[in-house]
Amino acid sequence: MSESGCQEPATRPGIPSVGNRVTVVLGAQWGDEGKGKVVDLLAQDADMVCRCQGGNNAGHTVVVDSVEYDFHLLPSGIINPNVTAFIGNGVVIHLPGLFEEAAKNERKGNSLKDWEKRLIISDRAHIVFDFHQAVDGVQEQLRQEQVGKNLGTTKKGIGPVYSTKAARSGLRICDLLADFTHFSERYKVLARQYQAMYPSLHIDMDGELARLKTYVEQIKPMVRDGVHYMYEALHGPSKNILVEGANAALLDIDFGTYPFVTSSNCTVGGVCTGLGMPPQNVGQVYGVVKAYTTRVGIGAFPSEQNNDIGELLQSRGKEVGVTTGRKRRCGWLDLVLIKYAHMINGFTALALTKLDILDVLPEIKVGVAYKVDGQTIPYFPANQEVLLHVEVQYETLPGWNTNTTAARSFDELPENAQKYVCFVEEHVGVPVKWIGVGKSRESMIQRF
Ligand code: GDP
Ligand code: IMO
Ligand code: MG
């Protein structure tokens, strides 16, 4: 207490202590970097794993005891029976998709035991309806017809549902659990708006509403006020809280290669807005980087290799989308874009995955700068026309021509593989904490 009678600032009730620190895992390229695997590894010591943005456009693979699980909406960490999984307000939820995903993974093994008791859903999360997914398809078709090019979306309704959220006509989990008659009326208003916009669209309103009603009792025990839930988790007893980013920096609605992006913030800001937590609670921010680059869908890709190298990376890396089954485009590692992702996210360390895929290459190129009109540019261009025409400056590093999949420590990696890792960390200015040399949990080398 000061002489004036005021409490000392630090003890005022309005200024609570920072509370638990949250570890964040984010994609640093165009997605599919191996976030699921990194999250699974960290989830072994976690109490809570959260998703803060995106929907079931994400596809995260986790391999445990040779069983391959894929997660789209459920946080991958749910595979650890001690973990509580939290889907925050920034996520968009297709309820049939959520239950199908859980059932599919449950059939594969024992790892999803009691998942319904371990899943918490924010009441502020928006609902993806079947018609959002249908509209996604129609919009893609129209783009193709009208401008000769679509976006290559996953057709999971992501663009349409975030549009209705921004237009303030969306419906949330809290609406579904309140008065179903009122919910149905608002649902029909929204559906009719889309029907008026796209006359060819057929929407089975009564059918979808009947299906949605069946989920009400099922999800009721899982739903909480997400802000209060998160606050209690942050300020209760010490907890290990992990956030699993979906999609990736170059797909971010603000910072990605717009318009060839998704519709949410997949960078660190999305963690606070998508969970309702203050930035002070963010601790480690881990960037997941694939040892080369891949992209699914349309859009500029400066280091893409439309040649034997691209094909080799695609086939050795089994680069096929988990959500859509599309072949991923492949190219050399591009450190210009990793540095750009670091400027936005402030990575505290990196996980470099799929190093083993490079095992057979005699030499490996790494993009280190972009030139425009013969001049090196010190930034990542916003304009897609510029990005399409940048000249990537490469450094060529010697390969290692050795199988690395059995390596379990940094010292066990061939010297040239070690040099490749050091080149990445020195160029980006962020330490590489993990190196992936295979799909399984064990095939992740931890350096410190
Ligand atoms: P996410 O979306 O970032 O979680 O990544 P995906 O699961 O879509 O794609 C990554 C793919 O690479 C999955 O099939 C993983 O099993 C696989 N993978 C992850 N890390 C490694 C690694 O270090 N080596 C190899 N060979 N495969 C890996
Ligand atoms: P994970 O979490 C790779 C891409 C789509 C498309 C664009 C827009 O597995 O890394 P959308 O359906 O979101 O409107 O599609 O974004 N995309 C992804 N690409 N991995 C992802 O997620 C992606 N999520 C969206 O291919 O180009
Ligand atoms: Mg993926």
Side-chain angles (χ1 to χ4, degrees), residues 25-41 51 53-64 66-73 75-76 92 94 128 132-133 135-137 139-140 143 150-163 244-253 256-264 266 287-301 313 316-329 351-359 403-405 407 434-445:
V25 175
L26 298 172
Q29 293 155 311
W30 275 292
D32 307 323
E33 298 90 351
K35 298 176 289 294
K37 186 181 150 186
V38 175
V39 166
D40 172 58
L41 195 76
R51 274 278 306 269
Q53 44 71 231
N56 56 357
N57 52 347
H60 297 178
T61 318
V62 177
V63 181
V64 185
S66 307
V67 180
E68 193 159 315
Y69 299 88
D70 52 295
F71 295 100
H72 302 273
L73 257 170
S76 308
V92 290
H94 184 247
V128 180
H132 283 122
Q133 299 193 337
V135 166
D136 201 347
Q139 289 179 338
E140 281 286 83
R143 285 182 195 110
N150 58 26
L151 296 181
T153 74
T154 58
K155 300 198 180 138
K156 296 293 181 189
I158 304 300
V161 74
Y162 278 113
S163 302
E244 172 173 355
N247 326 124
L250 276 297
L251 292 171
D252 182 285
I253 183 80
T257 45
Y258 194 90
F260 304 101
V261 292
T262 189
S263 302
S264 67
C266 334
V288 188
V289 176
K290 200 179 279 188
Y292 48 98
T293 312
T294 61
R295 177 164 201 175
V296 207
I298 319 291
F301 180 174
L313 294 171
R316 268 185 70 76
K318 300 192 176 58
E319 294 296 352
V320 177
V322 185
T323 305
T324 57
R326 289 177 294 178
K327 267 191 178 180
R328 296 173 183 147
R329 298 152 66 194
L352 188 68
T353 60
K354 298 192 113 166
L355 190 76
D356 54 303
I357 304 305
L358 306 180
D359 283 352
N403 186 325
T404 58
T405 54
W434 294 276
I435 301 151
V437 290
K439 279 180 166 235
S440 69
R441 228 180 235 172
E442 300 71 43
S443 49
M444 196 69 147
I445 296 170

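Both counts, for ligands and for their atoms, begin at 1 and track the order of listing. Not measured: the values here are computed from a predicted model. Along the sequence shown, residues carry numbers from 1.
- At a 4.0 Å heavy-atom cut-off, ligand 2 does not touch T324 at all.
- Residue contacts with ligand 1 for D356 involve side-chain atoms from C-beta outward but no N, CA, C or O (heavy atoms, distance under 4.0 Å).
- Every residue was checked against the salt bridge (charged side-chain N to carboxylate O under 4.0 Å, His left out) condition with K37, not counting sequence neighbours, and none meets it.
- At a heavy-atom distance under 4.0 Å, no atom of K156 approaches ligand 2.
- Side-chain contact check for D359 and T404: at least one donor-acceptor pair (N or O, by modelled atom type) lies under 3.5 Å.
- Residue contacts with ligand 1, taken as heavy atom pairs separated by less than 4.0 Å, involve K37 solely via side-chain atoms from C-beta onward.
- Partners of Q53 under the side-chain hydrogen bond (donor to acceptor under 3.5 Å, both in side chains) rule, at least two apart in sequence or in another chain, are N247, S264.
- Every residue was checked against the ring-ring contact (aromatic ring centres under 6.0 Å, His included) condition with F260, not counting sequence neighbours, and none meets it.
- Between G438 and ligand 1, at least one N/O pair is under 3.5 Å apart.
- At a heavy-atom distance under 4.0 Å, no atom of L355 approaches ligand 1.
- Contacts between L151 and ligand 2, counted as non-hydrogen atom pairs separated by less than 4.0 Å, involve the backbone only.
- Under a 4.0 Å heavy-atom criterion, G152 is in contact with ligand 2.
- Within the protein, the number of N, O or S atoms lying under 2.8 Å from the Mg ion (ligand 3) is 2.
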